[in-house]
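All remarks here apply to the structure that follows.
Quantities reported herein were computed from a predicted structural model and do not represent experimental measurements.
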Amino acid sequence: MPPRVEGLYAVTPDGLDDARLFALAEAALAGGANALQYRDKSGDAARRLRQAAELRRLCRVHGALFIVNDDVELAERIGADGVHLGRDDGDIAAARVRLGADAVVGASCYDRIELARAALAAGASYVAFGAVFPSRTKPNAAAAPLSLFAEAAALGANAVAIGGIAPANAAQVVEAGADAVAVVGGIFEAADTAAAAQALAGLFTAR
């Protein structure tokens, strides 16, 4: 049975150098992130392997889940806890077979509950909806209504919110029923990453 993704789910910004990436990831984990996703769209396989391996190590130190964005092969190679797949990133059922029954397999479902139903049927362990707020990371993303989280709960789904989430607005998402908030800029572009992570993680311990 895959572990649930809950609380603060930190998603790394694309393109950071090693020192900056690892320092920010350490701060997010120290601040209370329960999961960390490595997102890097570069074609540099050596860089991706090196960075993913170190982030996996940091997650183990902090007892957090480590998830790789888009790349099932990399997730398998370094022993990540799982993978996150977008609409065009690969087959959920194939990822489940390759990574095993205990792996976390996440699926982007954008603004559509029917995509969540299909993803769950294919073997996804969590579904992600977003953008719940306007996002600088993906400015053209569809707007996902917060009502999706009640619909996801009715399906028994582990539901993650993403898109424009920061300490100032995250309470709305938590109150709507999201099990986790996936955050990029709201922590990694904050003046104090650890403090921002702590504020977001605290919303879940308070409810």
Residue list, side chain to side chain donor-acceptor pair (under 3.5 Å) with [X], at least two apart or on another chain:
{"X": "R117", "answer": "none"}
{"X": "R48", "answer": "D71"}
{"X": "Y38", "answer": "Q51"}
{"X": "R98", "answer": "E76"}

Residues which pass salt bridge (Lys or Arg N to Asp or Glu O under 4.0 Å) with [X], listed by chain and number, not counting sequence neighbours:
{"X": "R50", "answer": "D18"}
{"X": "E189", "answer": "R136"}
{"X": "E26", "answer": "none"}
{"X": "R112", "answer": "E114"}

To which residues is L85 joined in a hydrophobic cluster, defined by side-chain heavy-atom contacts under 4.5 Å among Ile, Leu, Val, Met, Phe, Trp and Tyr, whether direct or through other members?
V72, V83, I92, L99, V105
Residues joined to L115 in its hydrophobic cluster, side chain to side chain under 4.5 Å directly or through other members, sorted by chain and number, are Y110
Applying ring-ring contact (aromatic ring centres under 6.0 Å, His included) to F149 and not counting sequence neighbours gives F129
Contacts satisfying salt bridge (Lys or Arg N to Asp or Glu O under 4.0 Å) that involve residues 142-171 (not counting sequence neighbours) are none
